[in-house]
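Just so you know, residue 1 is the first one in the sequence shown, and it goes up from there.
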Amino acid sequence: MTNEELRLKSCIEQIRAKTDFVPTIGIVLGSGLGEYGRKIFTEVEIPYSEIQGFPVSTVPGHAGRYLFGKVGEVPVVCMQGRVHSYEGYDMKDVVLPIRIMGELGAKMIILTNAAGGVNKDFAPGTLMVIEDQISSFVRSPLIGANPDSLGVRFPDMTEIYSQRMRKLIFEVGKENDIPLYSGVYLQFSGPQYETPAEIRMARALGADAVGMSTCVEAIAARHMGVELCGISCITNYAAGISGECLSHEEVQNTADEISEKFETLITGIVEKAGKLW
């Protein structure tokens, strides 16, 4: 058993000592969804700090805890806040929370994030359904000894983001009059924002949005065979497009402005997807 599997086992045992709740769906609440927890009928809250060996988020706006409860009748586990490699964590630390949700029973995981718009048609406030990703600029979380109990050494990534889930998301958007776009997400390492030259490169590679999370989480989830979907909230034009300087405050403000629509979309996705299992 690898060190990764041993640590995962330890974290699961600690969580199971607090709750026997089995989620159907896992949700990573990125910027703009931090308050989504109030829409969950929460049964148990577990701060990351109470789980020995678990990485703790240090980013403003990321609460740092698991919420176990229900959205409607669907059992869910939510991450209020994620960890990032730019905080000094190894990629195996970054994806540990995702691994845990899968091991706790989640059949599908919804990844959300705040992102910079590379596609000039995606104005701030746009919600983009992730159809594919580019992870070439960050270290793979699968490097090192393969945890065979979780997945194969060379996992297929042809369809990282579930086609049937993307279709379902657009159905929910139409039903709730929420405009949605589809695009490719590229993860940079951060924590600095990208340069205009890097954004031109990202556009040339086919990216519609960029950020500092998500891709490695998606790789870990698919390695485990967990179904996946992802949504980016475009909070600003990426560097060099608008000519303005970028700030974390701008990201948070735009995310907060669209949070109500984003929350409605997530609730609709969970309620529809919960009927699939």
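- Checking side-chain atoms of Asp93 against main-chain N and O of Tyr89 turns up no donor-acceptor pair under 3.5 Å.
- Separation of atoms CD (Gln163) and SG (Cys229) is listed at 13.5 Å; rounding is to 0.5 Å.
- Between Arg166 and Glu159 no salt bridge is recorded (no basic side-chain N to carboxylate O distance below 4.0 Å).
- No chain of hydrophobic side-chain contacts below 4.5 Å, direct or via other Ile, Leu, Val, Met, Phe, Trp or Tyr residues, connects Met128 to Leu205.
- Side-chain contact check for Ser189 versus Tyr86: every heavy-atom pair is 4.5 Å or farther apart.
- Heavy atoms only, all atoms of each residue included: Val226 and Gly102 are closest at CG2-CA, 4.2 Å.
- Within the 3.5 Å criterion, the main-chain N or O of Leu6 finds no donor-acceptor partner in the side chain of Ser10.
- Tyr185 and Gly211 get closest at one heavy-atom pair: OH-CA, 3.0 Å.
- A distance-only check finds a donor-acceptor pair linking the side chain of His223 to the backbone of Val152 [under 3.5 Å].
- Closest heavy-atom contact between Val210 and Ala238: CG2-CB, 4.4 Å.
- In terms of modelled atom types and a separation under 3.5 Å, the side chain of Asp90 and the main chain of Lys92 share a donor-acceptor contact.
- Thr267 and Glu271 share no donor-acceptor pair across their side chains, judged by distance under 3.5 Å alone.
- Val76 places none of its side-chain heavy atoms less than 4.5 Å from the side chain of Thr24.
- The number of heavy atoms from other shown groups lying within 6.0 Å of CG (Asn3) does not exceed 12.
- Annotation: side chain of Met91 is not in contact with side chain of Ile143 (no heavy-atom distance under 4.5 Å).
- No salt bridge links Glu13 with Lys18; every basic N to acidic carboxylate O contact stays at or beyond 4.0 Å.
- Scanning all heavy atoms of the two residues, the minimum distance from Val216 to Pro141 falls at O-CG, 3.5 Å.
- You'll find the side chain of Phe68 reaches within 4.5 Å of the side chain of Ile46, heavy atoms only.
- With a 4.5 Å cut-off on side-chain heavy atoms, Leu96 and Arg7 count as touching.
- Annotation: Glu175, atom CD; neighbour count of heavy atoms from other residues, nucleotides and ligands within 6.0 Å is above 12.
- The environment of Tyr181 atom OH is sparse: at most 12 non-hydrogen atoms of other residues, nucleotides or ligands sit within 6.0 angstrom.
- Using a cutoff of 4.0 Å between basic side-chain nitrogens and carboxylate oxygens, Glu43 and Lys70 are not scored as salt-bridged.
- Counting heavy atoms from C-beta outward, Phe54 and Val83 have side chains that stay 4.5 Å or more apart.
- Looking at heavy atoms from C-beta onward, Leu104 lies out of side-chain contact with Val22 at the 4.5 angstrom threshold.
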Given Val129 and Phe170, is the side chain to side chain contact (heavy atoms under 4.5 Å, CB included) satisfied, shown in steps? CA-CA 8 Å; Val129 180; Phe170 277 98; 3.9 Å; yes

Would you check, one step at a time, whether the test side chain to side chain contact (heavy atoms under 4.5 Å, CB included) holds for Ile231 with Phe262? CA-CA 9 Å; Ile231 305 168; Phe262 210 166; 3.6 Å; yes

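- Between the side chain of Ser140 and the backbone N or O of Leu142, at least one donor-acceptor pair lies under 3.5 Å.
- Cluster annotation: Phe41 is not connected to Ile27 through the hydrophobic network of ILVMFWY side chains, with a link wherever side-chain heavy atoms come within less than 4.5 Å.
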Step by step, work out the side chain to side chain contact (heavy atoms under 4.5 Å, CB included) result for Val94 and His84. CA-CA 6 Å; Val94 173; His84 308 77; 5.7 Å; no

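- Checking side-chain atoms of Gln187 against main-chain N and O of Cys215 turns up a donor-acceptor pair under 3.5 Å.
- Each of Leu111, Ile219, Ile130 was evaluated against Leu228; a single residue qualifies, Leu111, per the side-chain contact (heavy atoms from CB on, under 4.5 Å) test.
- A salt bridge links Glu217 with Arg82: at least one charged nitrogen is closer than 4.0 Å to a carboxylate oxygen.
- Separating the CG atom in Leu8 from the CG atom in Leu150 is a distance of 6.0 Å, to the nearest 0.5 Å.
- Here the straight-line distance linking atom CG of Leu29 with atom CG of Leu67 works out to 7.5 Å at 0.5 Å rounding.
- Judged by distance alone, with hydrogens and angles left aside, the side-chain atoms of Tyr66 form no donor-acceptor pair with the main-chain N or O of Met101 at under 3.5 Å.
- Both Val118 and Phe137 are members of a single hydrophobic cluster when ILVMFWY side chains are connected at heavy-atom separations under 4.5 Å.
- One hydrophobic cluster, built from ILVMFWY side chains closer than 4.5 Å, holds both Met108 and Val71.
- Note on Arg99 versus Glu4: salt bridge recorded, some NZ/NE/NH1/NH2 to OD/OE distance being below 4.0 Å.
- For Glu5 and Ser149, the side-chain atoms include at least one donor-acceptor pair closer than 3.5 Å.
- Here the CD1 atom belonging to Ile269 is positioned 4.0 Å from the CG atom belonging to Leu265, to the nearest 0.5 angstrom.
- Here the closest non-hydrogen pair linking Gln80 and Tyr48 is N-OH, 3.7 Å.
- Note on Leu186 and Val184: same hydrophobic cluster, where clusters join Ile, Leu, Val, Met, Phe, Trp and Tyr whose side-chain heavy atoms are under 4.5 Å apart, directly or indirectly.
- Among Lys107, Arg164, Arg222, the single residue meeting the salt bridge (Lys or Arg N to Asp or Glu O under 4.0 Å) criterion with Glu227 is Arg164.
- The closest donor-acceptor contact from the side chain of Asn146 to the backbone of Gly151 lies under 3.5 Å.
- In this model, a donor atom of one side chain and an acceptor atom of the other lie less than 3.5 Å apart for Gln133 and Tyr161.
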Report the C-alpha distance between Leu276 and Leu168 in whole Å, list the side-chain angles of each, state the deciding distance to 0.1 Å, and finish with yes or no for side chain to side chain contact (heavy atoms under 4.5 Å, CB included). CA-CA 11 Å; Leu276 300 176; Leu168 182 149; 4.2 Å; yes

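- Between Lys261 and Asp177, none of the side-chain N atoms (NZ, or NE/NH1/NH2) sits under 4.0 Å from a carboxylate O, so this pair counts as no salt bridge.
- No side-chain donor-acceptor contact under 3.5 Å links Thr42 to the backbone of Val44.
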Let's go through Asn113 and Ser213 carefully: what are the C-alpha distance in whole Å and the side-chain angles of both, what is the deciding distance for side chain to side chain donor-acceptor pair (under 3.5 Å) to 0.1 Å, and is it a yes or a no? CA-CA 7 Å; Asn113 61 46; Ser213 68; 4.6 Å; no

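- Between Ile266 and Thr112 there is a side-chain heavy-atom pair separated by less than 4.5 Å.
- Taken from CG in Asp208 to OG in Ser182, the straight-line distance is 8.0 Å, to the nearest 0.5 Å.
- Summarising the geometry of Ile98 relative to Val28, their closest heavy-atom pair is CD1-CG2, 3.6 Å, with the distance given to 0.1 Å.
- With rounding to the nearest 0.5 Å, the separation of SG in Cys11 from CZ in Arg16 is 13.0 Å.
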